[in-house]
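Presented below is the structure to which this report refers.
The chains referred to below are lettered A, B, ... by the order of the sequence lines, with proteins before strands, and numbering in each begins at 1. Computation of the quantities below employed the complete heavy-atom set of this structure, encompassing side-chain atoms and omitting hydrogens, waters and symmetry-equivalent molecules. Note that this is a predicted model, so its numbers are computed, not measured.
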Protein chains: 2
Amino acid sequence: MPKKQDTRHGQLPPTAWAVLGLLSFPGERTGYELKKWADASLRFFYWSPAISQIYAELRRLEGLGYASSRRSGPEEPRTKRQYAITETGREALAEWASGTADSGPPVLKHPLVLRIWLGHLASPERLRERVELHVARTEGELKEARDALARAEGIEEWSYPQVALRWSERQQLAELELARAMLADLARVPGTARQHPSDTPTPG
Amino acid sequence: MPKKQDTRHGQLPPTAWAVLGLLSFPGERTGYELKKWADASLRFFYWSPAISQIYAELRRLEGLGYASSRRSGPEEPRTKRQYAITETGREALAEWASGTADSGPPVLKHPLVLRIWLGHLASPERLRERVELHVARTEGELKEARDALARAEGIEEWSYPQVALRWSERQQLAELELARAMLADLARVPGTARQHPSDTPTPG
DNA sequence: GTGTACATGTAATCCGTTACATGATTCC
DNA sequence: GGAATCATGTAACGGATTACATGTACAC
């Protein structure tokens with residue numbers, strides 16, 4: 001059984017490109033630093049891979065010649081390993097980023113809306129609580145996105161990350177508005193009003 | 001070493017609950033129908049599993065006693081199999097939907113913004129094209145979300161799916177605005193007029 | 001001297017997709 | 001009779017997570 005792709009190195013998962021993308025900005029960094037950076041900004045518009053996944057991708061990228069690494073300090077195992085993008089890597093990434101291939105549709109998994117969709121199985125109050133919890137969380141996220149943007153601002157090499165983070169800031173704002181609009185919609189669902197028998201108006 | 005969970009059947013992946021959720025609305029249906037339904041509405045706020053995944057989840061749900069199935073027609077393999085939720089299944093789903101456990105944050109993977117983030121590796125025109133392609137696609141999605149909403153409207157049992165779909169409609173509208181705002185931001189990126197070969201920038 | 005952050009890595013496992021295989025039904 | 005759609009399923013594989021294992025550096 002011949003393998004379907006062996007030498008075809010153009011077919012990497014988006015995660016690999018995202019990690020290589022992190023390396024495409026000036027400077028060397030460790031897997032650990034990459035993870036923190038992903039947590040702080042990548043995750044707002046893409047997502048932050050598990051640390052073990054990052055290490056795995058780094059090994060793959062190095063195997064492809066897209067990244068290089070060196071130990072800082074003595075040649076011992078389990079010491080810091082600094083990664084950098086190679087010229088080949090930069091070319092491959094540029095081709096991926098600017099190629100004609102469709103970016104593909106955004107993927108959204110919204111556990112809150114999934115539960116609202118099943119609202120017939122829960123109580124209206126519980127639904128409201130959930131949405132409000134989500135609003136609170138989103139406010140936190142918005143703040144973090146703004147912090148990330150503030151950190152990127154003024155640095156010329158980060159012009160495009162700034163654009164992405166401005167998008168993220170607006171996206172979080174939109175998320176808040178969506179949640180509030182949903183709250184209003186929920187109040188209008190038939191059968192929602194009467195939760196307490198005491199609310200029942202006096203019968204004629 | 002005792003297994004950590006064996007009889008604990010409360011720990012299903014969201015996909016399983018989503019599939020069971022599809023079954024929680026009145027009527028029996030086949031895996032095939034579930035897939036079409038997921039494509040038409042679930043995917044706007046959650047996502048549509050592959051058909052093979054749906055069949056797998058249905059088998060698991062049946063194994064747990066959360067769903068039951070029957071063949072329509074003769075007892076032959078590969079004939080239509082109609083699934084329905086059981087009472088146990090409905091209870092488990094209701095507990096999941098209304099439980100106190102946090103719904104978890106929404107997960108967004110936006111391949112377009114990922115590439116914009118890497119804009120320093122592409123030409124401004126190409127970036128613009130990508131965004132415009134995304135706008136066109138989103139307009140299509142908006143229309144489909146509206147169609148789904150129209151189909152749900154007026155049916156009382158679908159009040160909550162209506163709320164979810166209204167959310168989706170607004171979400172697609174927000175997506176359009178975000179894309180347009182990003183287009184404006186992109187036009188303002190310094191050095192946008194022409195592309196430069198690599199400067200060697202210094203961080204910090 | 002202890003706890004926290006830094007730092008790397010392996011193993012087991014599961015989630016989910018794609019590709020493939022099979023066949024029934026419906027419509028022209 | 002042929003195409004499209006309906007319909008179910010298996011196999012192989014890869015992507016990604018969690019849990020685990022290990023150790024360093026530094027602040028309090």
Side-chain angles (χ1 to χ4, degrees), chain A residues 1-6 8-9 11-19 28-40 42-43 46-63 67 69-83 104-105 107 109 111, chain B residues 1-6 8-9 11-19 28-39 42-43 46-63 67 69-83 104 107 109 111:
Chain A
M1 292 176 274
K3 288 288 186 71
K4 198 180 286 178
Q5 65 204 60
D6 211 356
R8 294 191 49 68
H9 49 266
Q11 300 295 81
L12 288 174
T15 307
W17 297 117
V19 171
E28 279 184 323
R29 34 190 79 72
T30 65
Y32 191 88
E33 288 169 327
L34 256 25
K35 171 60 177 166
K36 281 195 303 175
W37 190 8
D39 281 346
L42 227 209
R43 75 167 167 110
Y46 208 70
W47 108 104
S48 188
I51 180 70
S52 63
Q53 179 74 4
I54 287 182
Y55 287 125
E57 294 297 352
L58 286 171
R59 270 174 254 131
R60 159 154 58 178
L61 292 169
E62 191 167 23
S69 74
R70 59 178 191 84
R71 301 254 186 219
S72 36
E75 204 56 25
E76 287 167 36
R78 304 236 175 200
T79 55
K80 234 196 230 200
R81 186 182 279 274
Q82 303 275 350
Y83 282 88
V107 174
K109 286 194 188 183
Chain B
M1 289 179 274
K3 287 288 186 73
K4 197 179 289 179
Q5 66 204 60
D6 210 357
R8 294 192 49 67
H9 48 267
Q11 299 296 81
L12 287 173
T15 307
W17 296 118
V19 170
E28 280 183 323
R29 33 190 82 72
T30 65
Y32 191 89
E33 288 169 327
L34 256 25
K35 170 60 176 166
K36 281 195 303 176
W37 191 8
D39 281 346
L42 226 209
R43 73 166 167 112
Y46 209 69
W47 110 102
S48 188
I51 179 69
S52 61
Q53 179 75 1
I54 288 182
Y55 286 124
E57 294 296 352
L58 286 171
R59 268 174 255 130
R60 159 154 58 178
L61 291 170
E62 192 167 23
S69 74
R70 61 179 190 83
R71 301 252 186 220
S72 36
E75 204 56 24
E76 287 168 36
R78 304 236 176 200
T79 55
K80 235 195 228 202
R81 186 182 279 273
Q82 303 274 351
Y83 281 89
V107 175
K109 286 193 189 183

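Listed by chain and number, the residues in a salt bridge (Lys or Arg N to Asp or Glu O under 4.0 Å) with A:Lys109 amount to none (sequence neighbours excluded). Partners of A:Arg60 according to the side-chain contact (heavy atoms from CB on, under 4.5 Å) rule, which considers only residues two or more places apart in sequence or in another chain, are A:Leu12, A:Pro13, A:Glu57, A:Leu64. For B:Arg43, the side-chain contact (heavy atoms from CB on, under 4.5 Å) partners are B:Ser48, B:Glu141, B:Glu144, not counting sequence neighbours. Considering only residues two or more places apart in sequence or on other chains, A:Glu62 meets the side chain to side chain donor-acceptor pair (under 3.5 Å) condition with A:Ser69. For A:Ser52, the side-chain contact (heavy atoms from CB on, under 4.5 Å) partners two or more places apart in sequence, or in a different chain, are A:Ala50. Considering only residues two or more places apart in sequence or on other chains, A:Glu28 meets the salt bridge (Lys or Arg N to Asp or Glu O under 4.0 Å) condition with A:Arg70.
Regarding B:Arg71, its CZ atom lies at a distance of 8 Å from the C1' atom of D:dT8, rounded to whole Å. Atom P of nucleotide D:dT17 and atom CD1 of A:Ile54 are separated by 9 Å, given to the nearest angstrom. Rounded to whole Å, atom C1' of C:dC6 lies 9 Å from atom CD of A:Glu33. Counting to the nearest Å, the P atom of C:dA7 and the CZ atom of A:Arg70 are 13 Å from each other. As rounded to whole Å, 8 Å separates atom P of D:dA7 from atom CD of B:Gln82.
Phosphate proximity of D:dA7 to B:Arg29: absent, as no side-chain N or O sits under 4.0 Å from OP1 or OP2. Between A:Tyr55 and C:dT8 there is a side-chain polar atom (N or O) within less than 4.0 angstrom of OP1 or OP2.
The two atoms that bring A:Leu58 and A:Gly31 nearest to each other are CD1-CA, 3.7 Å, heavy atoms only. Residues B:Ala18 and B:Leu42 share a closest heavy-atom pair of CB-CD1, 4.0 Å. In plain terms, the two heavy atoms of A:Tyr32 and A:Tyr55 that are nearest each other are N-OH, 3.7 Å.
Panel note: side chain A:Lys35, backbone A:Thr30; no donor-acceptor pair is recorded below 3.5 Å.
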What's touching nucleotides 15-17 of chain C from the protein side, N or O pairs under 3.5 Å?
unit_1 : atom_1 : unit_2  : atom_2 : d
C:dG16 : OP1    : B:Thr15 : OG1    : 3.3
C:dG16 : OP2    : B:Thr15 : OG1    : 2.7
C:dG16 : OP2    : B:Gln53 : NE2    : 3.3
C:dT17 : OP1    : B:Trp47 : NE1    : 3.0
C:dT17 : OP2    : B:Ala50 : N      : 2.7

Taking N or O atoms only and anything under 3.5 Å, show me the protein contacts with nucleotides 3-6 of chain D, one pair per line.
unit_1 : atom_1 : unit_2  : atom_2 : d
D:dC6  : OP2    : B:Tyr32 : OH     : 2.8

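Rounded to 10°, the angle separating the first-five-pair axis and the last-five-pair axis of the helix from C:dG1-D:dC28 to C:dC28-D:dG1 equals 30°.
Annotation: salt bridge (Lys or Arg N to Asp or Glu O under 4.0 Å) contacts involving residues 47-56 of chain A, sequence neighbours excluded, are absent.
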